[in-house]
Structure formats: C-alpha cells, structure tokens
S.K.: 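Following this message is one structure expressed as structure tokens.
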2 protein chains.
Amino acid sequence: MPAFNSLPGFREFYPEDQAIQNHIFDTWRKTATGFGFQEWEAPVLEPLELFTEKSGEEIVRQLFNFEDKGGRKVSLRPEMTPSLARLAAARAGSLRRPVKWFAIGENFRYEKQQRGRLRSFYQFNADILGESGPAADAEAIALAIESLRAFGLGETDFRVRLSDRTLWFLFLQSIGIPEECAAATLAVVDKLERLQPDDLLKAMEEALAGSPANPAEALARIRGFVAQDSLEKLAAFFAGSGPVSEGIQPRLADWSALLERLAAFGLSDFISVDMTIVRGLAYYTGFVFEVFERDGDGRALAGGGRYDALVKKLGGPDMPATGFGMGDVTLRNLLEAKNLLPAPPSGPDYYAIALAPECRSASLAGVAALRRAGIRADYSFKEGRFGKLIQAAEQAGAKNVLIYGPDELAAGVVKIRNTGTRAERTIPIASLVPELTKTFP
Amino acid sequence: MPAFNSLPGFREFYPEDQAIQNHIFDTWRKTATGFGFQEWEAPVLEPLELFTEKSGEEIVRQLFNFEDKGGRKVSLRPEMTPSLARLAAARAGSLRRPVKWFAIGENFRYEKQQRGRLRSFYQFNADILGESGPAADAEAIALAIESLRAFGLGETDFRVRLSDRTLWFLFLQSIGIPEECAAATLAVVDKLERLQPDDLLKAMEEALAGSPANPAEALARIRGFVAQDSLEKLAAFFAGSGPVSEGIQPRLADWSALLERLAAFGLSDFISVDMTIVRGLAYYTGFVFEVFERDGDGRALAGGGRYDALVKKLGGPDMPATGFGMGDVTLRNLLEAKNLLPAPPSGPDYYAIALAPECRSASLAGVAALRRAGIRADYSFKEGRFGKLIQAAEQAGAKNVLIYGPDELAAGVVKIRNTGTRAERTIPIASLVPELTKTFP
C-alpha cells in the first residue's frame, strides 16, 4: 500500500479551508467588479515559450515545465501577465479602451518552500490596458488598496511603497550612468537593503563595468536619492539638476497627478514614497509599487506597476499597461493574524426528519420543494426516533428542524422546531414553501 | 517574433466567456450548497501514483504527466475522485457522516480533440461518503438533476439513464458467467451499442476465454436483460430465477427504495431504467448513472455511481461512497443551443465625468465613496467636453452618469443623468452616498 500525500508546496482544502478561499476570491471579485473591471481566465498550462520570451531562459529553473505527449514544450504558468498580454494583443483592434480586466487564477513556481511561498498559489491580477497616463496607475493602486480594505484591513495593517522606474532611469542618467548599465544598476538597487556594503560595492562594480562611472560614487548618490521619501523632497533633490535630466520635471508632474488622484480617492494615508522599490522584473517601465504588511514579518501582499512594452513584445500593437498581482497565501496568513477570517459556514436552514418509514416521502417532498425555492435544506438518510434525529439535526448545524411524524402526516401538517429556542409551530404541508419563503431568512 | 497561441484543447476566456463560466460555477455552487454539500479543493498537480493506483497503468497515456525538478513523477489530474478519496481517508475518523462534499475544479486529459472533448475542462463533482444505502444514491442523483434544472433545463432536455453494477454481477452469475470474467464481460456490454455483431461476438469470446460459458448464448441473454427498461420488467424478468441468484430480490428492494425516493423528490420523469449503462471504470460497485441530452447529439452531461471500495484502496478505512461528475463543456454547448446562457454582464451603475480639471478631485471622491458603499462605479480617465464624455459613459454601458461640472462644483452639487431616459436630477455632493444607497439599485 503506497502512502498517498499531495506534493510538497501544494495545498488541500477541506471545507473549512475552502470556505476561507471562497471568501478571499469573492471579496477580490466583488471589489474588482465594483471598480468596473471584468474577469478573464486563461489556461494554467501554456507553451513554455510564452514565459521565456517575456522573462528569459533563466525563468525555466523556477517552472513546472515538461514536454507533452505531442512533443510540445509546455509549462504550468508562473504568472498570468504573459497570457493577459496575448489575449489583449489578439483583440487589440476591437477592445474598448481603457481595458480593465482582472483574473483570479492558480499559478505555479518550482521553488524552495517557506512561509508565504508555496509551489502553488492563487493570485488576483488586475490590469488596465490602453491608457498611458498616471490616471490608470492611480486606479490600479486604488483597487489594490480597496481590495485589502474590503477584508477589514486598514492603514495600520498595510502600506503601499510607491516608486518609479522612469524616474530611476532619469536619475541614473543625471549622475552619468550610461543607459546600457541602467537595468543592471537597478538590479543592484533591488538588493540595497539585503547586501553587505562590500558585496554591494562589488555588485555595483560589475553593473558599471566598462563604463566611466565610479561605482562608489554612484552608490553614494543612489543612497542620497532613495532617502527622498516624499514628492516634495524629490522635487527639492532635483531642483539643481542640469539639462542632462530634462525629463525629470515633467515626470514629477506625473507624480503630482498620481498622488492627487490617490488623495481624491481618500487613500493618501496608505502611500509611502519609497524609491528602494524597483521591482526585479525588467519589463516594468514606469510607476511601480509593492504592498507590505506594516508589522509582523512585513511581508509583501501585492506588487505591480506599469509595463508599457510587454503587449507589443508578445505579438500585439503598442499598448500601454499597468497592473498588479496579489497572492492568497500571505493575505490569508495576515487575515488570520488579524482575526479577520470569516465565520465557518453555517448549517442548513431547515433539516427534515421522518419519525417513521411512512413519513419518508412527505419529508423528502418537503425538502425538495424548499431546495427548489432557494432555501438550504437537508435531512436524515434514515428514519427513526425523535431524540436521535434531533441530535443529528443539531450536529448538522441546522437552524430549524422539520418534523414529519405519523400524527403530523395524518393531520396534513409539519411541525417546525427552532433548534436554538426549541420553539415549535405547526403549518399545513401544502403551505410549507409559501410560509417559509415568507418568513425566510 | 514567435507566434503565440494557447495549447490545442485549452481555452481562453475573454470577459464575455468568463461571465458564462462564472454563471455555470455559481449555479453549481448554489445548488450543491442548497443541498447541504460543502465545497473542497485539491491540487491540480498530484503524484502520478495516485491515478495509476486507482485506474491502472493504462491511464498514463491519457495524462499530462512528467517528472518534476525534484525527480517526482507527477501528473495534472484527469479527475478529482482519487484526491477526494485521499482527503476523506486522511480524516475518516473525525468526519461527521454522511460526508456530503462537492468540488468545482479543472481537470486535464491528453486526448484527441473533438466537440465536447477538450484537454482541459472544468468539472463539478459531488460525493456522499459514509452511507451505503440507496438513500445516498437518490440524493446524488437528485443533485445531478436539480443542478441542471437550476440552469432552466427540464425533462424535455435531459434524462438520467440509471443502471446497477451490483444487479449486473448478480445477473451474470445467474447465467453462469464466472466471477473472474464478469468485469471483462461488462467492458463488452459497455460497447454493446457501438460494435458490429461480429466484433461484439469476438469481444465476448475473449471476455469469456477459458470459462465454460457460451459467448453467443451469453450475448443473447444479455440482450434480453438490457431490454428490461423498468423496475417492473426487471422484477418479472428475474421472477423465475433459481437459487444461484439469491441476492437479486434484496437488490430489487434497493431499486424500489431508490426509485421511491426519487419519486418523492418529484424527479421520476427524469429517470430511465437503462441497463446498457455500465460505466467503463472498474471501480464502480453499485448503482451507476449517466445523464444525457435528449436530443441533438445526445451527449453525456454527467455520470456517476457508487464506488464503495475506492477510499480503502487509497489508504483509508472501509467507507462507502457515491457521487457524480458534471463537465462544463457539453453543458455550456447545451445551454447555448437552448438559449439559456445568461445575459452579458451589465455596465457600471454610475459613471462619473468631470467637465474640467478642477472638477476631477470631487468626481474621484464621489466614485470612491460609491464603490466603498458597494455600488459599481466607474469614471473617465480624462476630463473634457460633455458630449464626448457622455458618449464614453454610454459605451461603458453605464446606467447613470454623475456630472461634475464647474457650475455644479460651485453650487456644491452633482447632476445625475439616467442614460436611458436622459432624465436629470441634482443632489448635494455631501448626500451622494446616502441618496444613492437609498434609491439603489
């Protein structure tokens, strides 16, 4: 007899767990729909090329990829954005813009297991395509925030760390870092908080290899830049810049528009300007953000940003895009820590018991009629003694018990007992549904 | 530039398609919950062994299976029942019985594409564990029927073909077919309607090889058996049976109990007694059924039956079980053919437009307040002229437009325009949410 277990990093959901998953999915879905986003879905299994084209060959070691029986190189998706870009590209000509889409899907990454990092996880993705201005970034960030608030989380629980790869590139240009070293430099910035000073300098030397820029000086100026934690400070920081960074002032105007919109939404308290956020993935092109828990492990709850070049790269037209992803694992852990999980699902509204075999048909007919009327109804598979069946009804969590006994049957009635108060009333069998839909819930 | 497509046999769901999927999933979920079933879920990727242990090695050629980066033999699930059995087995001691569980999950089969048969499909599974009597079979069949009725389908659209592997085995025993040939014989019965007479006889010869039974005679008697299409006819057919089939009378009593329960539920019109149904999979042990379209291609919409030995086989205790699976693909095709698909999702309830930049913040604040109150609200990313913005609101399918112009702003009001009637009214900005939640929807 082999021992059967699910695979490491994969989760099973018993009903009490699945009820929580459904609560998370429902809350995401309701919030996104309320914002005017429409849901889409794509296969969890995709051509491998879709992911390597977007992220490079190095992604493969993190994938559940294989060759299918038709010789196709395929992979379970690690994320949904490439599929989204493909769908949008295929209908780019006919989609009404802005396109506001969301998806709730399972994603897979072959990686070391740790708290909050599983090999299978669900992610809520929301994206806005076809709008290049900060209005779309504000809308995406607002949805990320309101999606978390809808669970009962507030500004003491999480914050959005907002940054900007456009401003980063302009800044790097202003300090003399050549364009061809910019992406590598940002990869070093991504490790600013994690690496030791010596390792950081070494990494910067590698990023700037072959360029005239001085790594130590660049690091010092970068540290000066990331210390600016408000738009006002950033504006002051750049006030003295020369003509080399002429794009900076218009970009600060975009920042101003973005923050004004978030303020109008009443969300300023959730926003921290934080240039240490650069988002590892090379395809981000503008505003980027990550949402973090405020205390505990301070884990990331969501992350996103603008990716204006991706749809074109995956075969579509020029189509600006911005969006975010929010995973279920860290969120669920946080909701649990904050006592914000929903109550377990309740039992049936009515539970029918038949006290003798001749009462069976009447009880089943009653159950069927209630169910068809949209009322949650269950019953005992066996007839029997009152005490035992009432116990079964209570164990099932029933709010009310419908009692079909020989006496009731002879009188053409059914007795209804409230499980909590033990109050009983009797109504004609024929008026069961009209009576109970009238008084329901 | 590589051409990007999804894999053959996999579907993409644009919003108008996903709305239909959600309608199907919601209807399944609501019906099952109304019956007192609780939802569970398991990984889509499982150890390969879980499926080969249940179905034998020959299942592998229909699987999306591979070796993961840790050297584990894994497979995308072709069905959910083995995972269900594992979950039930692991908690068999603590689960309150009967266990009534359902799941809605994606399944994967590597097979030739044809109408109604895709490589990825969603399936609604409902199972009852811990109850061996026909009461559980009746409940499962009732849920299968009511799940379809909940879409608006009726007895002219589909029927349940009900059969019984227990009665089959008793019958085969009564005509002298040895127990060790019974499963192979049923595999031939499964092809009774599809094979030519010569091929059928040949298949029966193979099934009975080494036994004293005569294949041609067995086939003739089997044809006599499957012609009995009601319980009354079955009872008459068996009335003359000798002691070799002494289990038959108690089994006919189970049939009687099952049909009585279905009659009490008001579902007799949906049921056909049809012994040609044997269900291919060897693990079925009692009542089996398939639900078919009544016209068109007459495709199968659902199938199921009792599988009392499986939980034990997969590591659990003796735990009787019955259930069914219902796929989304054939169902969706049928709903489309019967004009029972839901209307496309409607646009936002309110769509805000700002006629000048200085009105932007007020309009965004209004949108944010409505969304937080649970009202679906959207807005134009750009300010501009009335006519153009009203057009954008109408294209978005908005029911009402909130007009924030300089005059309104100066007066502290917002104008509300009904997109259909073009009627307008003005309310103070401060009372927007109380007014609109009062009159909403």
Side-chain angles (χ1 to χ4, degrees), chain A residues 1-2 4 6-7 10-15 18 21-22 33-36 38-47 49-50 53 64 66 68-69 72 74 86-87 96 98 101 106 110 120 131 133 135-136 146 260-261 264-266 314-315 345 348 360-361 364-365 368 371 374 376 378 381 395, chain B residues 1-2 4 6-7 10-15 18 21-22 33-36 38-47 49-50 53 64 66 68-69 72 74 86-87 96 98 101 106 110 120 131 133 135-136 146 260-261 264-266 314-315 345 348 360-361 364-365 368 371 374 376 378 381 395:
Chain A
M1 183 66 237
F4 290 105
S6 56
L7 296 167
F10 286 75
R11 288 171 293 172
E12 295 175 328
F13 298 99
Y14 283 89
Q18 184 60 24
Q21 293 297 112
N22 281 345
T33 305
F35 268 61
Q38 294 184 299
E39 190 169 356
W40 64 281
E41 177 58 292
V44 296
L45 194 71
E46 291 275 21
E49 196 179 32
L50 184 66
E53 179 69 18
F64 282 93
F66 60 102
D68 79 4
K69 292 192 166 61
R72 294 172 202 88
V74 300
R86 182 185 62 211
L87 265 74
R96 191 174 54 76
W101 281 0
E106 194 171 3
Y110 194 88
S120 156
E131 169 61 45
E146 295 292 355
E260 268 172 33
R261 283 176 172 266
F265 284 140
L314 292 175
R360 185 195 302 150
S361 284
L364 296 183
R371 286 172 171 177
R376 293 191 305 142
D378 210 343
F381 282 155
Q395 282 169 354
Chain B
M1 183 69 235
F4 289 105
S6 57
L7 295 167
F10 286 75
R11 288 171 292 171
E12 294 175 329
F13 298 99
Y14 283 88
Q18 184 60 26
Q21 293 297 113
N22 281 346
T33 306
F35 269 62
Q38 295 183 299
E39 189 169 357
W40 64 281
E41 177 57 291
V44 296
L45 193 72
E46 290 276 19
E49 194 179 35
L50 184 66
E53 179 68 18
F64 281 93
F66 60 102
D68 79 5
K69 292 192 165 62
R72 293 172 201 89
V74 300
R86 181 186 61 209
L87 263 73
R96 191 175 54 77
W101 280 359
E106 193 171 4
Y110 194 88
S120 157
E131 169 62 45
E146 296 291 357
E260 269 174 34
R261 283 177 172 264
F265 285 139
L314 292 176
R360 184 196 302 151
S361 283
L364 296 182
R371 286 170 170 177
R376 292 191 306 142
D378 210 343
F381 282 156
Q395 283 170 354

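Numbered from 1 within each chain, the chains take letters A, B, ... in sequence-line order.
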S.K.: Given heavy-atom pairs under 4.5 angstrom as the criterion, report whether the side chain, backbone, both or neither of A:E39 touches chain B.
M.R.: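 The answer is both parts of A:E39.
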
S.K.: Restricting to non-hydrogen atoms, name the atom on B:F381 and the atom on A:E131 that form the minimum distance, rounded to 0.1 Å.
M.R.: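 B:F381 and A:E131 have their closest heavy atoms at CD1-CG, 3.4 Å.
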
S.K.: Against chain A, label B:S120 side chain, backbone, both or neither, depending on which of its atoms sit under 4.5 Å from a heavy atom there.
M.R.: neither

S.K.: Describe, in one word, how the ring planes of B:F66 and A:F64 are oriented to each other, choosing from parallel (under 30°), tilted (30 to 60°) and perpendicular (over 60°).
M.R.: perpendicular

S.K.: Between A:R72 (side chain) and B:L7 (backbone), is there a donor-acceptor pair under 3.5 Å?
M.R.: no

S.K.: For chain A, which candidate among B:A264, B:A42, B:P15, B:A135 shows the most heavy-atom pairs at distances under 4.5 Å?
M.R.: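 Heavy-atom pairs under 4.5 Å are most numerous for B:P15.
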
S.K.: Please classify the contact of A:Y110 with chain B as side chain, backbone, both or neither, using a heavy-atom distance under 4.5 Å.
M.R.: side chain

S.K.: Closest heavy-atom contact between B:Q18 and A:E41?
M.R.: OE1-CB, 3.3 Å

S.K.: With sequence neighbours excluded, tell me which residues meet side-chain hydrogen bond (donor to acceptor under 3.5 Å, both in side chains) with B:Q38.
M.R.: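 By the side-chain hydrogen bond (donor to acceptor under 3.5 Å, both in side chains) rule, B:Q38 matches no residue at all.
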
S.K.: Which region of A:P47, side chain (C-beta onward) or backbone (N, CA, C, O), has a non-hydrogen atom less than 4.5 Å from a non-hydrogen atom of chain B, or is it both or neither?
M.R.: both

S.K.: Under 4.5 Å from any heavy atom of chain A, what part of B:E146 do you find: side chain, backbone, both or neither?
M.R.: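 Answer is side chain: those atoms of B:E146 sit under 4.5 Å from chain A.
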
S.K.: Just give me the residue among A:T33, A:L45, A:L50 that pairs up with chain B most often, heavy atom to heavy atom, under 4.5 Å.
M.R.: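 The answer is A:L45.
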
S.K.: Just so I understand: if I count every heavy-atom pair under 4.5 Å between each of A:R360, A:E260, A:Q21, A:R261 and chain B, which residue has the most?
M.R.: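 Most pairs with chain B among the choices: A:R261.
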
S.K.: For A:R11, is it the side chain, the backbone, both, or neither that has a heavy atom closer than 4.5 Å to a heavy atom of chain B?
M.R.: backbone

